[in-house]
Amino acid sequence: MSIGFELLGDVVIRSGTSEIVPGSPRQRCVLALLLIDVNRPLSLDTLVERVWGATPPRQASAALYSASKAGPRRHTARRRTRPPTAPTD
């Protein structure tokens, strides 16, 4: 089973006919930032700067850790079901 991601419009995680929209805006932001730089390491400082800009909150590192650890399993994620698509030749 493959997993896909959509970044235009809602940030969505797709698996089969299911779609998961990460719950909080920060979760969606962190996921989008990680996907933009897929297969490239990002430092914590880089992520903090990209999420909050030049003036991050004092607990920015902890907030990022919490947002990334929660992932789509968190109760705030919305699940959607898509109808199966017709096979293409």
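- Applying the salt bridge (charged side-chain N to carboxylate O under 4.0 Å, His left out) test to pairs two or more places apart or on separate chains, those with a residue in residues 41-50 are Asp37-Arg50.
- For the pair Ser15 (side chain) and Ser18 (backbone), a donor-acceptor distance under 3.5 Å is absent.
- Shown here are the side-chain hydrogen bond (donor to acceptor under 3.5 Å, both in side chains) partners of Ser43, two or more places apart in sequence or in another chain: Thr46.
- Applying the 4.5 Å side-chain rule to ILVMFWY residues, one finds that Val38 remains a lone member of its cluster.
- Sorted pairs that involve residues 52-66 and meet salt bridge (charged side-chain N to carboxylate O under 4.0 Å, His left out), not counting sequence neighbours, are lacking altogether.
- In this structure, Pro57 and Gln59 have side chains that are not in contact, with every pair of non-hydrogen atoms separated by 4.5 Å or more.
- Looking only at side-chain heavy atoms (C-beta outward), Val12 and Ile20 stay at 4.5 Å or farther from each other.
- Judged as a side-chain contact (heavy atoms from CB on, under 4.5 Å), and not counting sequence neighbours, the contacts of Leu7 are Val11, Ala32, Leu35, Ile36.
- Cluster partners of Leu42, using a side-chain heavy-atom cutoff of under 4.5 Å among ILVMFWY residues and allowing indirect links, are Val30, Leu33, Leu34, Leu44, Leu47, Val48, Val51, Trp52, Leu64.
- Under the 4.5 Å side-chain criterion, counting only non-hydrogen atoms from C-beta, Val21 is not in contact with Ile13.
- Atom CZ in Arg28 sits 7.0 Å away from atom CG in Asp10 (nearest 0.5 Å).
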